[in-house]
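A, B, ... follow the sequence lines: proteins, then strands. Residue 1 opens every chain. Heavy atoms only: backbone and side chains are in, while hydrogens, waters and symmetry mates are out.
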Amino acid sequence: MKPMSVKAALAGHDLVGQKVTVQGWVRTRRDSKAGLSFIHISDGSCQDPIQVVAQSSLSNYANEVQKLTTGCSVIAEGTLVASQGKGQSFEIQADSVTVVGWVEDPEHYPVQPKAHTMEYLREIAHLRPRTNTFGAIARIRNTAAQAIHRFFHEQGFVWVNTPIITTSDAEGAGQMFRVSTLDLNNLPRTDKGSIDFSKDFFGKESFLTVSGQLNVEAYCLALSKVYTFGPTFRAENSNTTRHLAEFWMIEPEIAFANLADDANLAEAFLKYVFRAVLSERADDLKFCAERIEKTALSRLEALVDQPFERIDYGEAIRLLQSSGKQFEYPIAWGSDLQTEHERYLTEEKIGRPVIVMNYPADIKAFYMRMNDDGKTVAAMDVLAPGIGEIIGGSQREERLSVLEDRMRHHKLDLGAYQWYLDFRRYGTVPHSGFGLGFERLIVYITGLGNIRDAIPYPRAPHLASF
RNA sequence: UCCCGUGUAGCUCAGCCGGUAGAGCAGGUGGCUGUUAACCACCGGGUCGGGGGUUCGAGUCCCUCCGCGGGAGCCA
């Protein structure tokens, strides 16, 4: 008989009375006083396991079924029936339970049917997807990723795969991982004694990308609406709940668009993804609300229906100064917003996502468009309650001479950026975009306390196991 | 990188003012008329993160290293 998913079996009112086959892994086994066993089987297709009722009349009842422990893989065949017990609507009255794989040494099987700490599960990243928590996270992550592609596709965006390896330490967005095939024990040297990178694989220094933005701008200024969605690397020694050394980033870029267009896109984008997760993964969000963070579900529901607040950076400063709050870091025009400031604005003062716009030029990147006041740039951050900055974006400087001045001011080597400046020489247009850390989005949706649980195999300083 | 905390059974933890270790869960055995993190009884299970020091004696106090967590900086 053709096996079906647990999800299909649990959903199938039409299947009652029919023979079904499910295959998966044992979550728990309980033996009843009546001489029968209840086996909860999960196959990852949904949050709930299905209950298989195994009678003692099964030929392998005593020598196999009663020895099943958490983690064993089984195939169960039987009749789908309305459950006689409470707690589930349907269950399978088993004709047979076939053990596919045993758990050796069950006492030491790392995933036990009990509440584990997230810290412990992080140490067994290869087994944690078997828990209901990481099953839920994996399904939510997939749903969010699919929704992101769907949102852009429906709006006519083109997904552009920007390079992982780059030879410009361009973006200046942080420390980069070096990519090299040189023999570290026998480095080639130039006459002056420095390392001779002309002997390296690419003939020059190369690194893992910290952002696809500069590359994707080229495609924006030809295809109008584009985005990246791929892995990104930062070699910073950040030990926080919000940083990874390897993460996935989404960077849309739109032509003929200013900062307001950018902010509108960011808001529509977030709401689309949240709605998709709400409708497609209601079971997992409910689980998140029960077991991870109480407001996981209600927060998303409230968010999709209310407009994001938009305020100017200057206004944000005034709000902070008049808050009456004692901040650890003093607030003044020209300083960047600290975590405590962001949290006050979005959590206390406004109580919902807020888009802060037009930051002082001195604290923002060289490619952001200079405003007419000559002091601020057309940059925006989307701040969300509970996590802080979730999106950072800007209108790009499209005027060649202004951009060159900004680059000189940032002491960048203009020679290395000629290809980037070409966009401003040949048919330049105003354009805008933003960057979103995918794992931060997952953290926000699920209510997770640590970004290392939002990606299957986290990479961070001193952490690259599995 | 800085600050704070933490490391005891397979897992989660308790262990007072220093006197060589306990519980729950998990596992094993037996019992129990459909269970929902089942229940009851019994059993096995520990170089108390590593090293050094103080002391008659260290899981406990001190130093140090390592791991982990939280916060900060930086950012997505």
Side-chain angles (χ1 to χ4, degrees), chain A residues 27-40 48-56 66-67 69-71 81 83-88 91 93 103-124 127 131-132 171-175 210-213 228 231-251 291 328-329 336-340 342-343 363-365 381-384 387-393 434-444 449-455 460-463 465:
Chain A
R27 275 285 163 75
T28 59
R29 187 202 84 235
R30 291 181 299 278
D31 299 325
S32 158
K33 310 167 204 172
L36 69 167
S37 293
F38 301 94
I39 309 162
H40 277 180
D48 290 327
I50 193 163
Q51 175 159 283
V52 172
V53 184
Q55 303 286 347
S56 58
Q66 285 199 298
K67 290 186 166 58
T69 58
T70 301
V81 298
S83 179
Q84 297 171 34
K86 292 170 184 169
Q88 60 280 318
E91 65 189 18
Q93 282 287 346
V103 166
E104 70 174 49
D105 195 8
E107 186 185 357
H108 291 89
Y109 179 56
V111 184
Q112 298 177 1
K114 56 167 291 187
H116 288 294
T117 61
M118 299 298 269
E119 293 78 23
Y120 168 69
L121 292 171
R122 228 168 273 155
E123 294 169 8
I124 51 165
L127 295 173
T131 64
N132 41 23
E171 300 82 4
Q175 292 291 109
V210 293
S211 166
Q213 182 201 314
T228 72
T232 310
F233 307 88
R234 302 277 168 90
E236 251 132 32
N237 190 14
S238 295
N239 291 287
T240 79
T241 55
R242 300 182 301 284
H243 290 85
L244 291 167
E246 175 184 288
F247 63 100
W248 288 63
M249 189 149 69
I250 299 120
E251 297 166 295
R291 301 286 279 275
E328 186 182 345
Y329 291 86
D336 208 355
L337 298 181
Q338 303 294 319
T339 302
E340 57 178 345
E342 295 179 349
R343 294 186 68 117
I363 58 172
K364 288 295 182 182
D381 284 348
V382 180
L383 312 178
I387 188 164
E389 181 184 336
I390 192 167
I391 281 179
F434 63 79
L436 166 80
F438 186 49
E439 285 74 22
R440 287 194 178 175
L441 184 71
I442 301 305
V443 164
Y444 185 70
N450 194 315
I451 201 167
R452 297 177 185 191
D453 302 321
I455 190 169
H462 295 287
L463 181 68
S465 304

Touch check for [X], heavy atoms < 4.0 angstrom, all strands: base, sugar-phosphate only, or nothing?
X      : value
A:T70  : nothing
A:E251 : nothing
A:D105 : nothing
A:G85  : base
A:R29  : nothing
A:T232 : nothing
A:E439 : nothing
A:Y120 : sugar-phosphate
A:R242 : base
A:L244 : base
A:F233 : nothing

Donor-acceptor pair present, [X] side chain and [N] base, under 3.5 Å:
X      : N     : value
A:Q84  : B:G34 : yes
A:H116 : B:C11 : no
A:Q88  : B:G34 : no
A:S238 : B:C75 : no
A:E107 : B:G28 : no
A:D31  : B:U35 : no
A:E91  : B:G34 : yes

In whole Å, I'd like the distance from the CD atom of A:E119 to the C1' atom of B:G67. 13 Å
Which whole-number value in Å describes the distance from A:R234 CZ to B:G73 C1'? 15 Å
So does A:L383 get a backbone contact from the side chain of A:D381, meaning a donor-acceptor N/O pair under 3.5 Å? no
With no hydrogens and no angle check, is any side-chain donor or acceptor of A:E439 less than 3.5 Å from a backbone partner on A:W248? yes
Between A:Q51 and A:E340, which is nearer to the 5' end of RNA chain B once each is assigned its nearest nucleotide? A:Q51
For A:M249 and for A:E123, locate the closest nucleotide of RNA chain B by heavy-atom distance; then report the residue assigned to the nucleotide nearer the 5' terminus. A:E123
Counting Watson-Crick and G-U wobble pairs only, both distances under 3.5 Å, name the nucleotide matched with B:U36, or none. none
For B:C13, give the paired nucleotide (Watson-Crick: N1-N3 plus N6-O4 or O6-N4; G-U: N1-O2 and O6-N3; both under 3.5 Å), or none. B:G22
Please report the closest heavy-atom contact between A:T70 and A:V111, naming both atoms and the distance. CG2-O, 3.7 Å
Tightest non-hydrogen contact, residues A:Q88 and A:H40, listed as OE1-NE2, 4.3 Å
Show the numbers, then the answer: is there a salt bridge (charged side-chain N to carboxylate O under 4.0 Å, His left out) between A:D48 and A:R27? CA-CA 10 Å; A:D48 290 327; A:R27 275 285 163 75; over 6 Å; no
Minimum-distance nucleotide (side-chain atoms of A:T241 versus B:G70, B:C75, B:U36): B:G70
Side chain of A:Q112 (C-beta onward), nearest among B:G27, B:A26, B:G73: B:A26
Cut-off 3.5 Å, side chains only: do A:R30 and A:S32 have a donor facing an acceptor? no
